[in-house]
Structure formats: C-alpha cells, structure tokens
Amino acid sequence: METFDVAIVGGGSTGLAALKHLSDLGKQAVLIEAGPQVGTKNVSGGILYSKRPRNGKVHNVEDVYGSDFEASAPLERHISKYILHATSGNKIFTLDLTPAHEYQTNFGYSVLLNKLNSWFASVASESAEKQGGGIVTGVHVRDIQWSNENKTLIHTDELEEFQVKAIIAADGVNSEIAYLTGARQKFSPNEVYQGVKVVIRLPEETIEERFEIDTSEGAAHLFAGDVTLNHIGGGFIYTNRDTLSLGAVYHYESLFSKPTEPSTLVNALIQNPFVSELIKDEVITIDIDRELSKEEQLRKRFALTKLVKTFEELRYSCYSSSGRTRLIDSGKFKNFEEMKAKLDSIRQELIEKYNTKFVTNYVELEYSAKLVPDGKRCRMKKPYHRNILFVGDAAGRGIFIGPRIEGLNVGIDDAVRASLAISRSIDKNNFAEDYMGQYYTSLVEQSPYTRDMKEIDKEYLKIFLESTKSIPKEIVGSRYGFIFKIMSSGKLRGLAVGIANLLGYEKILPLVESEETYVQVPIEVALKLGKKIDPSYTPVPPSIEERVARLRYNDDPISHIIVREPESEFLRKLVVLCPTRCYYHEDNKVMLQHEGCIECGSCAKGTEWRHPRGEKGVIFNYG
Amino acid sequence: MVNVAVIVKLEPDFSEGNVSYNPDGTLNRAETKSILGPHSAIACNAAFYTKITYGSRISIGTMGPPIADSALKQAQELTDADEMNLYSDRIFAGADTLATAEVLRSGIVKMLDGNKIDIVFSGHRASDGETGQTGPQTAWKLGYTFLGNVIEVNIDLERNYVIVKRLVMLQGFDGIVEEVEAPLPVFITVDPSYSPNYRTIYQRLAFAKYRKEAIARANNYKQFLKIYDSKSLGVDPKFVGLPGSPTIVYRVEKIPKAKASRKAQLIEGQDIDAIKSIVPKLRPIVS
C-alpha cells in the first residue's frame, strides 16, 4: 500500500498553504482536491489580507509564498478605499472606513480564487515534489479509518486506499472529515453566514473611473440598510482587475426566521440606484429572425457569435492600458484611435447587418454561494481529532466583526500552525492527540486571530467610531446613541469594552448584530443624511434559471445529497433558501433535484451531505 | 522500454465563436482556426497513460501543411512527447485515406531513430473527414495487428503483449466490452469514450509532473520537431497525394430531410400549465 507522511484534504487557499509550508519544512505531504483542477470549487467574497497585529504574530501569505508574492501572484486589485454605505430607497449615505481597513494591515487585495489558488498550487506543488509529495486533483475522500495497528487509512472514491501518519482537514465549512469523525457537529444557522455572489464584467478603465481609483488601486464597498430586506448582514462590491465581485452576506439564522431567496437579496443590491450606476454597461442583445430557415439561422448565429466575440475582446483590450499595449506590441494596431475605429466599424456591422441591439444593463459572468463560518460563534475549541488537525473554514475559523470580514488570512495562519505541529510530530514520531493535537491547539490559541474571535479590540473600535463621527448621535436611536456616546469617550470606552469582553460575545452579539444595527439605523441615517441618486436605467438581473444555465457543471447522476426527512421544517425553508432552488414541494414533501447544486452546504444541516465525487459537480471559473 | 507512436491531425475548430462558413454553407477554412482534432487528443491521452504507467517513449506524427506543427505542439502538451514529426510536401496534397496511410507508414518506421514502434495510437476518426479509415489502413500497411474502439490499454512487459478492452457495438445490446490480448506490435484506434484510469497517488503525481514537463517542452516544441518532405521520407510519388488516391469524390449532396408524417405541437416559453398539458399525452407512450 502507498504510504505518505501527511495527507491534506482540500485544495483551497488554506490547504495549499499547509502543503507549501510543510514541504518547506522538509516534510512529505500529498494534497487531495476533489475538483477537476485546484480552484474550481472555491468561492470568496473578499479580500486577502496581510496583517501585523501589535500583540503576537500571525503567519501571512507572503511568509508562506515568499516576499515577492505581491509582485508574482495573480492578485486583482490592491484595496485602498474601504467604504460603507447606508441605503434607503434612492438615498445613500457614505462613510469612509479606510482607516479601519488599514488597521494593523500590511496589504489587502481583492482576489478571484480560481486564478489565485491555481497560482498557489503551482508554487506549492513545486516545493512538494522535492519532498516526494504533490497535489492530486479529481479525488474525493470518502472515509478515514484507523486499523488495529493504529494505521491511518484514507479511502477515496477514485483511488486505491493509502496510508498516512497525519491528516490536515482543510475541506471547508462543510468539512466532511469533521462529520465523518464526529470531531464537530454540522454548523447550525446561528453559527454561519450565507453569502451569495455574482461576478460582473466591466472594462478595466470603466472600473477605475466609476470607483475613482487609479490602475494600481482597488475599492471595497459595503452596504447596509434597505438593501438587506430586513436581514442581519449586508451587501458588498469589490473591484477586481476587469470584473466586480458583488454579493450579499447574511446571518443564516436571520434568513431562517424570515426566508428570502438568496438571489432576491443579491438583486436588491443590484437594483439599488447607486449600485446600478456602478455596474452599468452596454449589453449586446442578439435577435435572430425565426422566420428564416433553420440552416440560415444557424449560419447567422455562428457568424454573429464570432463577430460579438471579436468585438468584446477588442473592447476589453481597448479600455485597459495593458490590453492596449499588448495590441500595439503585437502589431495588430498602431494606436488607440485605430482600435476605436475598428470597434466602431464592427459595431456598425453588428447593428446594420445583423440587427443587433445595444442596450443599457449589466453583465453577469458567474453566480456562486458559500457559507461563511462566524468564528465568534463556531470556531472549534478543540480543532483536532486523533491525528487529524482542522484548519480554516473546516475549523469554523473566520473573523466577522461588523465591517471587518476576514477568512483567507485566518486559514493561512492556521495552515502554518498545523504544519509546525505536524512537522514536530514527524520528527518525534508521535501523532497522539495529547502531543500533536494539543500542541496545535496551543499554537492556534496564541494566534491574534483567535483573540479577535473572542473579544472586542478596543483600538479597532476606536478607529471605527472615529469614522462614524459625522453621524449625529441622535439619529442613531436612543439605545445606540447612548452606546455611541460612551464608546466615543476614551476613558469610558476602555471600561465599556472591558465589561463587554467580560460578558463575552455570546451576550453582546444580540445587541450588536441586530436588525436595528444592520437595517433600521442605516435606513434612518440614509433618509436623514443621504444623498439622492437618480438612476439612469433599471438593471434586469438574470433569472435564477439563467444564472444556473451559465454555470459549468460536470453532472453526476448520483446525488451527493440524500434527503432523509423530506417533511422537516428545515427542508421546507430550504425551498426558499437554496441559492439555486434545488428543493421544491411535491405532495407535502420536499424533493431535491441535485443537478443545479453549487455546493454551498446551505442544506447540509438537514440532509446527508457530501461533496460530489472527484471532478463532479459545479466548476467555478472565477470563484 | 516501450516505443509508442501517435498519429494526429490538425482539424478545424468547430466550436461556436470560432468556426466560419461560406455563404453556400461550406466551411470557410481561411477564417476558421485549426486545432488538434478532438479524437487525436484522446489518442494522445492513451499514449500519455503508457508513459506514466510503463515509462514509454513517445513520438508523434502528422501529415499536413507547415501550419500543422501547431497540432504537434498541442499533442506534445498532452503527451510529453520525446519527438515530433511533420510530413509536409506539396505532392501530398489531395490525398485520400490510403495515400495518407502510405505517408504515415513511411514516417512511423523512421520514428525514434528507426527503433521499432511497439504501439501506434490514433484517433477514432477525424472531425472533418469522418471516414475512420486512415488508422486501419496505416495498420495494414505496417503489418501491425489492428485493435479498434479501445477503451483501456494495459501492457504485459514480460510477454510483450497488450491486453486491451474494446467497446463493441452489437445491435440490440449496448456497450459490450471485449477483452483482447495481442502480441506487440499493435495499432490501436482509441474509442471516443476512452478516459485514462489512474488509480494510485503515485500515478497521479507522475501525471502532474510529466504534464508540467510537457507544457515546458511544448513551449519549445521546435526543438523536438523533425520535418520530412517526400524525398527525406523516401516515399514513391505514385503512392502519395492525388496520384496515390484511388478515391474520387464525385459529388457532395445534402441528405434530404425526411417528410414528417406526424403533427407537432409547439409549446413555447415557461408557461407551467402549458407544459403540464403535455404530461397526460406522454403518459400512454411511457407506460
């Protein structure tokens, strides 16, 4: 039987960091990823941070991948503006939270995980190969067993079983390893957020113009108020190089108490007049005369799609400085004017010859969803089981404090700590819980990120409150106005935070994360202080069917989800809460059609939920 | 060491957004990008499997115009080939499958410095020709055992045999798998349903390693490329190109549309009630 030192289950940014770091420590590790390639199953809402906490040390991405990480990795944009908007109808009130974003931060980049994780994988596998390890894709871990001789055997759907000394479970928020081994319960709606995201296309320079950034910058916009449709959470837009990540993240319990379709929540954000102006684009609509013969229709379609493809490619290069340079260097065009002339001539041809229309709307490229663990509520207190260490989302570790949302950097920090613990165990050939597991726990407990999941950071709060000082306190409402006043005074703030931390997050959360803070206060602020926006058009979001139709799947005829209780209250809610409407009512039962599943795990708590077999299921192009 | 050859073909890219047609409905070759044929790619996957599993040496051959070296480049990316051969000469033009087979035969015997090729892989057919004859005719000319519709390849290195699984179509049965063994050398055309089965971690890791090497090699593919004309290949001009082609395409006609004897009812859009109205009509047919 094949034997390896370490198996890492899951090829997200956390698992890959573990592979890279373990290999750099001279240890042999094999990473098992179920997707057909690394990065095809990963979804991220946000920003990859590098941090420098005042107390303690975190392991940053550049510590793992080298100091030239920023120069070599395919990062989208360096986030230099962090903005919070309160919305109400066509009124919007804007707060600049850039100082809070920059708090203890080396850098923060918007990222798209398909691209970034592929890069991580190429760097990590190079290190791993030197130690006799590497990355294996398209393989789904089905089971882990411990033999009588205390051998650890990994069973997969695709390969012959193999043996390892230790395992890092980096299989995400819906960690099957956790369920299989009973290391933790499935997360309950109270412990997670549900995020739904669309990737929107826009030419590079249009993004820079609208978000008022230059080519080396990026912006993050957060939204609260009426766009939340009365749920706890909010919307976001991150600028990527030539796309936008736009999404809605809501406390899953809040969605459970008043189910609203996830796509409706995203649409609410898209249709906000301020947002719709940011994403506005010229969209080509193709209309082929159905009266023509079938062959003629087909011929027209082929010619037209080719022309549209040429037009779009040229348009994107034309409105990006690197694209223009590329076209000029390749000798295809002499200058911008020539590109512009060519664009106009294709445009003319499209309109005159093919009856194509150019309308104002926006272009969605990919729809995705993910559960986000709220580390305050669900981080594993004991992130190990036998010789398995849990990291990142799998261990329920993420920072979710108001506008501060971090997950990728937390996972990378965990990965380094797990690698250190395992490396020490390999050297001493001791993989017992009380040696490896407990040591890893102690390392994780030392992490400043863990501290952030346990208590309020006074300094961060101060910076946050500084940013909100333009809001008259009487608007905030009696209860919060009082809190604001206390918090704004230096002396009292220290005392208040001290008391709050004594009470613990459990007691404070209902007060801080409430409809009042996420919905009512922002609405009031926007109404009273907001700027009025006159929308120039109404965006028409695609239907959920259209969104699913645009996704890439490798269908598995065997469902990876089994419904055992079709009449449960939980599943009835999923009819509304599944982001791709996989559940429907039939004869008083809830039925599942798994084909459109995007593997977010929103239904995991009430079903027998597994990841699809190797290479099967959804394949994200952006992530 | 097993010596493996793959013969491939540069074909038009028929995917939407890439293909162009002339007003009369024929393919506009000038405007259509060419790529490695999809069936050739499957043959490459089978050859790559033998490299990973048995450490074989791989040589690739193609007949075509000078631009056909792009097919070789793509094939090298899939196989990590040690050598690539382009058979290109004006007098090869107009070849039917038999004349093509003559060129390929002459090329295959020269591969890997004249070392005997143990297995030749080719695609099932070409996407722009669809005859599926070039493979079998080349096998016949080489005097190799021909195995078609192959879905799994294993080599018994001690006995010098291949053990393959073939997908056999028989009327009334679907998917009969026949296991055949044959002494080397053999000529294998790979079934479109072929997919290599790597069952161990080491095979998978080797796959990743060689694929990476393959991409690096493909970026410098000219270093691995040999170009032959009719002279250097040593073929008799009587047996290649138009003169060597007994096939005459007399005329191409469209297949006439069959007359429908049934009446169709078209239901458009997403009207649930209209869609539901179909169900009672389907029921008797299904039951």
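Side chains included, hydrogens not; waters and symmetry mates left out as well; all remaining heavy atoms used. Labels below follow one simple rule: chain letters A, B, ... track the order of the sequence lines, proteins then strands, and each chain is numbered from 1. From a predicted model like this one, the values you see are computed outputs, not experimental measurements.
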* Heavy-atom side-chain proximity of B:I201 to A:L159 below 4.5 angstrom -> yes
* To do: For B:I255, look at atom CD1 and say whether over 12 heavy atoms of other residues, nucleotides or ligands are found less than 6.0 Å away.
  => no
* Can a salt bridge be assigned to the pair A:E158 and B:R204 using a cut-off of 4.0 Å between side-chain N and carboxylate O? -> no
* Asked: Of the non-hydrogen atoms in B:N18 and A:K309, which two are nearest, and what is the gap between them?
  -> OD1-NZ, 2.9 Å
* **B:Y198, part contacting chain A, at a heavy-atom distance under 4.5 Å** => backbone
* **Heavy-atom pair with the smallest gap, counting every atom of B:A208 and A:I135** => CB-O, 4.4 Å
* Enclosure of A:E295 CD (heavy-atom neighbours >12, cutoff 6.0 Å) -> no
* Asked: Under 4.5 Å between any side-chain heavy atoms of B:K209 and A:S125, yes or no?
  -> no
* Asked: Has B:Y221 got more than 12 heavy atoms of other residues, nucleotides or ligands less than 6.0 Å from its OH?
  -> yes
* Asked: Looking only at heavy atoms, what is the nearest atom pair of A:E160 and B:T200, with distance?
  -> OE1-CG2, 3.4 Å
* **From OG (B:S15) to NZ (A:K306), nearest 0.5 Å** => 10.0 Å
* With a 4.5 angstrom heavy-atom cut-off, which part of A:T137 approaches chain B: side chain, backbone, both or neither? -> backbone
* For the ring pair B:Y202 and A:F162, is the centre-to-centre distance below 6.0 Å? -> no
* In Å, rounded to the nearest 0.5 Å, how long is the span from CZ of B:R199 to CD of A:E2? -> 11.0 Å
* To do: Under 4.5 Å heavy-atom distance to chain B, tell me which part of A:T3 shows up: side chain, backbone, both or neither.
  => backbone
